[in-house]
There are 2 protein chains.
Amino acid sequence: MLKLTPIFNQEEPLYCQLYNYIKGEIQNGNILATTKLPSQRSLAKHLHLSRNTVDAAYQQLVAEGYVVSKEREGLYVVELESDYFQTSHVKFDQTQLKQNREQEPADMKYDFSYGDINLKDFPYKIWRKLTMQSLDEEHGHLFFYGDTQGELPLRTYIAKYLYEARGVKCTAEQIVIGAGLQFLTSIACNLIGRNDLFAMEDPGYYRVRYLLQDHGIRMKPIPLDDQGINIASLKNSSVKAVYVTPSHQFPIGTVMPISRRLELLEWAKEEAAYIIEDDYDGEFRYAGKPIPALQGLDSHDRVIYMGSFSKSLIPSIKLSYMVLPRPLIDIYRNNNYYVQTVSRLHQHTLQLFMESGHWERHLNKSRNNYKKRYEALITAIHRIWGDSVNIYGASSGLHLLLEPNNNMSERELIETAKAKGVKVYPTSIFYATPPVNQPAKVLLGFANLAEAEIEKGMELLKIAWFD
Amino acid sequence: MLKLTPIFNQEEPLYCQLYNYIKGEIQNGNILATTKLPSQRSLAKHLHLSRNTVDAAYQQLVAEGYVVSKEREGLYVVELESDYFQTSHVKFDQTQLKQNREQEPADMKYDFSYGDINLKDFPYKIWRKLTMQSLDEEHGHLFFYGDTQGELPLRTYIAKYLYEARGVKCTAEQIVIGAGLQFLTSIACNLIGRNDLFAMEDPGYYRVRYLLQDHGIRMKPIPLDDQGINIASLKNSSVKAVYVTPSHQFPIGTVMPISRRLELLEWAKEEAAYIIEDDYDGEFRYAGKPIPALQGLDSHDRVIYMGSFSKSLIPSIKLSYMVLPRPLIDIYRNNNYYVQTVSRLHQHTLQLFMESGHWERHLNKSRNNYKKRYEALITAIHRIWGDSVNIYGASSGLHLLLEPNNNMSERELIETAKAKGVKVYPTSIFYATPPVNQPAKVLLGFANLAEAEIEKGMELLKIAWFD
């Protein structure tokens, strides 16, 4: 009889140990292919195990295909390519767990990040309470899958907000909720038709450019002029869709004037093209009222409006939405494979937050707060720099561009700032083709720095760049 | 002077009302292009407003581009395409909010849904407590963006779990967290190379088939045999990647035997092709131990392992992950545009849940619970139906296929069941080309029905299909 001599321990069930032992012997070639395994009865007797234990081990070997059962004959070892069992010795390393806990040191004193927002004034207690309320509702009912398009009550509150605050005209049926604008943009491109040529502002948001490239979508960069995307270039491009940021062009900061908006809509109407309007920080404007969205002017179903709660509420819950024009919502709904990507619990919590008026209060409070920081930044720039720096994209959003008149390259600007403990960001990455022979500009976000930090940062930059 | 006669209310700031009034007059053609606006001083006097109010209204009109400022001359109305302002009369309908609250009536008594899971035994109190703990941690620190690949401590616990429970060999660095397997599959396809030809099991999971189609990825369906995907067909297909479900083929339920797994890995090695292993319900096996993942056998970096907490924990938090082989993790990391799509709060809560041993307990409890339901289903089928029905895909997962020997079409099976209040699901949708001249099979999930409901459902199905 085949020699089987496992050594048993006290920890695992016996059948698992027996199965592992036989599997190992097959894998390392100690039991050869076509070998007949001992009968259950004889192996049970030989190893002083119950027949049930042997039976369970054998069944597992059959289930995984290491042995096959021949009727009325017994179990035979199958032929296997054995080199797969020799080389895979990677073991899970428990020390990883500890190492992971160590934090990177923060070496930058003043980080003018444009992705961050201010969360110090966020109403945690209210959000916490509403999260609890959502968790408790119908004892975890919200843990099941919900509406694939997003929860209908939340979409209704978003439609109401968009109408009142951004001039967007839509019903809840047109809104699709999703985990981030990249994900939604990818759906939008598929709905429009991924074989069409797409246009993008140049410079524009690089993550969207890479996203389109990565999805194999052909894309034409369209230059900007002082009113935003250049319509003559757009007309010459034979594209069927264009991605724009009319409220506050990213990264330059141009507000697209009404005449250009109408030209853009007219172009879309004539070409039966679509406009993807990314209203990424349209809520934040510091002189006067926010500029209404392009979507509200569209009466020919040509605009896909994109919005997000990442900048205005909580970055890490990744709750974004798009408003589809009617032709595209029909295509979306006829396509039954989409699933919802945003946590239903967060959707419900946000619904409660909007329903109870906290959203509006939070937004007003944030706008005032950012206005103070914005004004501190502008004041500091004027006081410290005088005319030795140009500012682009002021009055809106959570960042601006600085162009110091010192002949430094973008890289030099970033490196000299870094040496003083100040982090500023490049603008060249936003260009399809980075401009040459132009003074370098760097990007500064101000949302997550207090007024005093902003001032101190400007003083250090002045030293870095002009001393 | 231009006649401006706004009527003011008490609710909105005066400058907003003035701005809205002038904007409206421009939009509906009452103020013509090139008209000069009155000076601030004269309009302020005329309307009994402060000059600041008029200034703010004028500034907003300039910002939005309705008027332009000519130096030393004043403000002039710009020329605009006016038909855009005539037709857009969609208003937000407040009655939507109420209508949305009404629920659809549940007309199905026994829904054998294969998407649902049992949440009745979910440890709510613990999850609630850990959610609170996450919310409180560093006062909302988790609201900021985290690691784009997913939180490192969570990835480390997932690596540990995968090694111990599924035989997957990886480090935390190879794991990418994302909102759902569709989203991750889309990234995986881009990493592999979207211009390559992909293969999929036929039948296979239709949402993945549609996803690939929608992303413009060319795809070849590969037939199954009794061991899973047919290797000869795969070899003839000249594909560079294949999507498989070896633990429990979806929807047929075949467990791929070890010999076929090795053939598949050998094919991938020789062709330098990739295998996407969707281990969608690999945790749940009712006879013996779970079958270890294909990934654990791979020593040539050919397998992308996909897993999800949707079936095993909470569907609606959409927390999934993939394990990338080293060549692809390098491509992933060099590509700096990816953002994280899963709520950081949920990631942290899950980390605490795994850290404290609750995950393992929950999984064991779930497996026992589903085993009872599975056994109730199998027992009921044998008792009520005898030999008049064939069962496919038993012993694993949360669904099985029934093939009643009554010559009904799939549609007849579903409709007659529905007439008795029992919902069963089609299998034809999973085929690239639905089979002809084969007895119809329907799909029954059993995860969210109690034992008594399962039995009652089977009795009703017997009446529906055989009386």
Side-chain angles (χ1 to χ4, degrees), chain A residues 56 59-60 63-66 78 80-81 84 87-88 90 92 96-97 100 119 122 124 128 135 140 142-146 152-153 156 159-160 163 169 172 179-180 182-183 190 194 207 210 214 216 255 257-259 262 265-266 288-289 291 297 299 314-318 337 339 341 343-344 346, chain B residues 56 59-60 63-66 78 80-81 84 87-88 90 92 96-97 100 119 122 124 128 135 140 142-146 152-153 156 159-160 163 169 172 179-180 182-183 190 194 207 210 214 216 255 257-259 262 265-266 288-289 291 297 299 314-318 337 339 341 343-344 346:
Chain A
Q59 279 193 26
Q60 187 71 21
E64 296 188 18
Y66 286 93
V78 299
L80 301 172
E81 296 267 352
Y84 275 93
T87 43
S88 45
V90 188
F92 177 74
Q96 281 184 34
L97 282 174
N100 290 341
L119 281 171
F122 183 81
Y124 289 108
R128 189 186 196 280
L135 268 172
L142 295 171
F143 283 177
F144 285 105
Y145 289 121
L152 190 54
T156 308
K160 183 170 183 291
Y163 179 70
K169 288 161 184 164
Q182 282 188 32
F183 176 72
N190 288 339
R194 50 172 302 109
R207 288 186 199 267
Y210 289 148
D214 215 12
V255 175
I258 182 72
S259 53
L262 296 179
L265 288 167
E266 189 61 25
K289 288 158 55 77
I291 310 289
L297 294 168
S299 42
I314 300 174
S316 77
I317 66 168
K318 291 303 291 178
Y337 89 85
V339 293
T341 46
S343 160
R344 200 174 167 194
H346 288 333
Chain B
Q59 278 194 25
Q60 188 72 21
E64 297 188 17
Y66 285 94
V78 299
L80 300 172
E81 296 266 351
Y84 276 93
T87 44
S88 45
V90 188
F92 178 73
Q96 280 184 36
L97 282 173
N100 290 342
L119 280 171
F122 183 82
Y124 289 108
R128 188 185 196 280
L135 268 173
L142 294 172
F143 283 177
F144 285 105
Y145 289 119
L152 190 53
T156 308
K160 184 171 184 288
Y163 179 69
K169 288 160 184 165
Q182 282 188 35
F183 176 73
N190 289 339
R194 50 171 303 107
R207 288 188 199 266
Y210 290 148
D214 215 11
V255 175
I258 182 73
S259 52
L262 297 180
L265 288 168
E266 189 60 26
K289 286 158 57 76
I291 309 289
L297 294 168
S299 41
I314 299 174
S316 77
I317 64 169
K318 293 302 292 178
Y337 89 85
V339 293
T341 47
S343 161
R344 200 174 167 195
H346 289 332

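Heavy-atom basis, side chains included; hydrogens, waters and symmetry copies ignored. Note on naming: letters A, B, ... go to the chains in the order of the sequence lines (proteins, then strands), and numbering restarts at 1 for each one.
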J.: Among Asp214(A), Val339(A), Thr341(A), who wins on heavy-atom pairs under 4.5 Å with chain B?
T.: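 Heavy-atom pairs under 4.5 Å are most numerous for Asp214(A).
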J.: Identify which of Ser259(B), Ala56(B), Ala63(B), Gly180(B) forms the greatest number of heavy-atom pairs closer than 4.5 Å to chain A.
T.: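 If we count pairs closer than 4.5 Å to chain A, Ala63(B) comes out on top.
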J.: Given that the side chain runs from C-beta out, which part of Glu64(B) has a heavy atom under 4.5 Å from chain A: side chain, backbone, both or neither?
T.: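 Interface part for Glu64(B): both.
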J.: Could you list the residues that satisfy side-chain contact (heavy atoms from CB on, under 4.5 Å) with Tyr145(A), not counting sequence neighbours?
T.: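 Only Ser310(B), Pro315(B), Lys318(B) meet the side-chain contact (heavy atoms from CB on, under 4.5 Å) criterion with Tyr145(A).
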J.: Take Leu80(A) and Ile258(B) through the side-chain contact (heavy atoms from CB on, under 4.5 Å) test and state the conclusion after the steps.
T.: CA-CA 8 Å; Leu80(A) 301 172; Ile258(B) 182 73; 3.8 Å; yes
J.: If only atom types and distance count, is the side chain of Ser343(A) paired as donor or acceptor with the main-chain N or O of Ile317(B) below 3.5 Å?
T.: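 Absent.
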J.: May I ask you to decide if the ring planes of Phe143(B) and Phe122(A) are parallel, tilted or perpendicular, using 30° and 60° as cut-offs?
T.: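 Perpendicular: the ring planes of Phe143(B) and Phe122(A) meet at over 60°.
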J.: Could you measure the distance from the CG atom of Leu119(A) to the CG atom of Leu142(B)? Nearest 0.5 Å is fine.
T.: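 The CG atom of Leu119(A) sits 11.0 Å away from the CG atom of Leu142(B).
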J.: Within this structure, what is the CZ-CZ distance for the pair Phe183(B) and Phe183(A), rounded to the nearest 0.5 Å?
T.: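 That separation rounds to 7.0 Å.
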J.: Is there side-chain contact between Gln60(B) and Ile291(A), with at least one heavy-atom pair below 4.5 Å?
T.: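 Yes, side chains in contact.
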J.: Determine the option with the most heavy-atom pairs under 4.5 angstrom with chain A, choosing from Gly288(B), Ser316(B), Pro257(B).
T.: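 Ranked by heavy-atom pairs under 4.5 Å with chain A, first place is Ser316(B).
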J.: Let me know if Arg194(A) has heavy atoms under 4.5 Å from chain B in its side chain, its backbone, both or neither.
T.: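 Side chain only.
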